[in-house]
Amino acid sequence: MFSALGSVHSDCSDGDLDEDPSGYSHDHANLENPVLRVRVGSWIEAVSCVVMRESESLQSQQLQQLPAFTVVQVQAMFGRRMLVRVEGEGRKGQGWVSSVALDGTLLWEPSAVLPLPYASATEICEAILVRPFWSTDRAQVDAIEHQCFSKEERSLHWWLQMAKLPEENVAVFVGQCTSSGKILAYCGWALEGAFHASLLHVLSLAVDPAHRGQRIGEQLLRSVEQRGCASYPQAACMTLFVRADNLAAQRLYTRHGFIRVALIRSYYSDCDAWEMMRELGPMCNRWVDPDIATQLESKGFDAAKVEQALRWSQNELGYAIGLLTGDVPERG
């Protein structure tokens with residue numbers, strides 16, 4: 001799960017090292033950090049780079065510098081210092097960091113209560129850690145892709161190759177069960193378009209069929225949106241394509257705020273596709289023509305939906321009416 005953990009530090013540092021006498025523990029799963037209120041066992045994604053040292057002392061040997069977006073698990077705490085374990089591409093081991101310098105995003109914590117606005121604990125059967133793809137995940141995500149997509153629809157290999165090239169702005173996330181370590185789902189996404197007309201596009205999303213119905217897909221979508229908006233604040237919306245006959249996937253996307261904006265004929269070899277979109281910050285702030293809004297509201301359309309349709313259509317009356325009625329354009 002995601003929740004903000006304080007302000008961002010822009011450089012690699014050890015932060016404020018004031019200690020308290022509370023001590024630390026390697027096995028007390030409910031111990032909390034007095035600064036960030038993070039429990040031992042929590043997974044955190046660093047917002048900025050941070051120095052990792054051999055012990056809790058500032059004078060101890062520097063082991064490595066962890067770059068931004070490194071995922072770590074809290075092993076123990078001592079005052080404002082945290083012992084963290086690092087796993088991922090080319091980085092393993094554990095060491096001490098400042099909880100102030102490790103300003104980041106809480107991905108998951110060992111608690112029976114899940115933070116709003118996420119589903120309640122009774123609605124999710126698996127505790128999921130959403131993190132970037134690691135090469136060691138390959139066999140498991142390949143297995144999920146083969147279960148979910150036909151041979152013609154499999155493109156994960158291509159997205160993983162693109163994700164290795166920073167200029168392509170492509171990423172792949174996985175949903176990992178925190179108890180078993182098994183990969184249960186993955187999502188590929190990318191930034192597309194020019195700077196002033198950019199969007200986040202969901203390339204592919206798949207959930208292990210044995211674990212569907214547990215809102216894992218929603219967690220992945222929320223993670224993509226949060227990371228995407230943080231990395232690319234200029235992105236106006238999220239878009240995706242979904243098979244016209246995949247009603248379960250369409251319900252998932254609708255719950256997450258996506259709306260059909262076009263029907264794409266023969267997008268798949270055996271099926272049409274719906275293009276769906278969800279607005280983000282820049283689009284939410286678009287100007288709405290009050291005269292056109294009044295005109296549409298007089299026809300009985302809900303005021304909030306009218307404003308949304310005019311933002312999405314940039315005040316184009318015909319397209320706005322199509323969004324409001326579901327009579328969206330078709331494309332070949």
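Positions are given from 1 along the sequence. Side chains are part of it too, since the values below use all heavy atoms of this structure and drop only hydrogens, waters and symmetry mates.
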Salt bridge (charged side-chain N to carboxylate O under 4.0 Å, His left out) against [X], all qualifying residues, sequence neighbours excluded:
{"X": "Asp327", "answer": "none"}
{"X": "Glu218", "answer": "Arg215, Arg222, Arg255"}
{"X": "Arg265", "answer": "Asp272, Glu330"}

How is the hydrophobic cluster of Leu247 composed, in terms of its other members, when Ile, Leu, Val, Met, Phe, Trp and Tyr link through side-chain heavy atoms under 4.5 Å apart, directly or indirectly?
-> none
Linking Ile, Leu, Val, Met, Phe, Trp and Tyr through side-chain heavy atoms less than 4.5 Å apart, which residues share a cluster with Val306?
-> Val288, Ile292, Leu296, Phe301, Leu310, Leu317, Ile321, Leu324
Looking at [atom1] of [X] and [atom2] of [Y], how far apart are the two atoms once the value is rounded to the nearest 0.5 Å?
{"X": "Asp142", "Y": "Gln147", "atom1": "CG", "atom2": "CD", "value": "11.5 Å"}
{"X": "Leu200", "Y": "Met277", "atom1": "CG", "atom2": "CE", "value": "12.5 Å"}
{"X": "Ser155", "Y": "Glu152", "atom1": "OG", "atom2": "CD", "value": "12.0 Å"}
{"X": "Thr325", "Y": "Lys299", "atom1": "OG1", "atom2": "NZ", "value": "12.0 Å"}
{"X": "Leu63", "Y": "Trp96", "atom1": "CG", "atom2": "CH2", "value": "12.5 Å"}
{"X": "Cys187", "Y": "Leu205", "atom1": "SG", "atom2": "CG", "value": "4.5 Å"}

Has [X] got a side-chain atom pairing as donor or acceptor with [Y]'s backbone, closer than 3.5 angstrom?
{"X": "Gln214", "Y": "Ile216", "value": "no"}
{"X": "Gln176", "Y": "Lys182", "value": "no"}
{"X": "Gln140", "Y": "Ile183", "value": "yes"}
{"X": "Thr70", "Y": "Pro67", "value": "yes"}
{"X": "Asp289", "Y": "Gln314", "value": "no"}
{"X": "Gln250", "Y": "Arg243", "value": "yes"}
{"X": "Arg278", "Y": "His256", "value": "yes"}
{"X": "Asn285", "Y": "Gly281", "value": "yes"}

Could you walk me through whether Arg286 and Glu279 pass salt bridge (Lys or Arg N to Asp or Glu O under 4.0 Å), step by step?
-> CA-CA 11 Å; Arg286 283 180 179 173; Glu279 64 180 350; over 6 Å; no
Indicate the atoms forming the closest heavy-atom contact of [X] with [Y], along with that distance.
{"X": "Phe173", "Y": "Pro132", "result": "CD1-CA, 3.9 Å"}
{"X": "Ala235", "Y": "Leu191", "result": "CB-CD1, 4.3 Å"}
{"X": "Arg81", "Y": "Ser55", "result": "NH2-O, 4.0 Å"}
{"X": "Val97", "Y": "Val50", "result": "CB-CG2, 4.2 Å"}
{"X": "Leu220", "Y": "Ala185", "result": "CD1-CB, 3.4 Å"}
{"X": "Pro233", "Y": "Ala230", "result": "CD-O, 4.0 Å"}

Distance-only donor-acceptor check, side chains His157 and Glu145, under 3.5 Å = no
Among all residues two or more places apart in sequence or in another chain, which pass the ring pair (Phe, Tyr, Trp, His ring centres under 6.0 Å) test with Phe241?
-> His201, Tyr267
CA sep, side-chain torsions, deciding dist, call: Asp208, Arg212, salt bridge (Lys or Arg N to Asp or Glu O under 4.0 Å) = CA-CA 7 Å; Asp208 185 333; Arg212 290 177 181 170; over 6 Å; no
May I have the step-by-step check of side-chain contact (heavy atoms from CB on, under 4.5 Å) for Tyr232 and Asn169, ending in yes or no?
-> CA-CA 10 Å; Tyr232 310 109; Asn169 296 318; 3.2 Å; yes
Do [X] and [Y] have side chains that approach each other closer than 4.5 Å (heavy atoms only, starting at C-beta)?
{"X": "Met276", "Y": "Val242", "value": "yes"}
{"X": "Gln64", "Y": "Leu66", "value": "yes"}
{"X": "Trp159", "Y": "Ser204", "value": "yes"}
{"X": "Arg227", "Y": "Trp189", "value": "yes"}
{"X": "Leu156", "Y": "Val141", "value": "yes"}
{"X": "Met238", "Y": "Val202", "value": "yes"}
{"X": "Val130", "Y": "Ile128", "value": "yes"}
{"X": "Val51", "Y": "Arg53", "value": "yes"}

Could you please spell out the steps behind the side-chain contact (heavy atoms from CB on, under 4.5 Å) verdict for Glu297 and Asp302?
-> CA-CA 6 Å; Glu297 289 171 28; Asp302 177 76; over 6 Å; no
Hey, any chance Ile264 and Ile259 share a hydrophobic cluster, counting ILVMFWY side chains that come within less than 4.5 Å of each other, even indirectly?
-> no
Can you hop from Leu203 to Tyr268 via hydrophobic side chains spaced under 4.5 Å?
-> no
Cationic tip of Arg260 above Trp274 ring, under 6.0 Å, 45° of axis = yes
In a check of side chain to side chain contact (heavy atoms under 4.5 Å, CB included) between Leu83 and each of Gln75, Gln73, Met52, which one passes?
-> Gln75
Residues Asp137, Arg131; criterion salt bridge (Lys or Arg N to Asp or Glu O under 4.0 Å); working and verdict | CA-CA 11 Å; Asp137 303 327; Arg131 60 164 175 78; 2.8 Å; yes
Verdict with supporting geometry, Thr294 and Ser298, side-chain contact (heavy atoms from CB on, under 4.5 Å) | CA-CA 6 Å; Thr294 299; Ser298 68; 5.6 Å; no
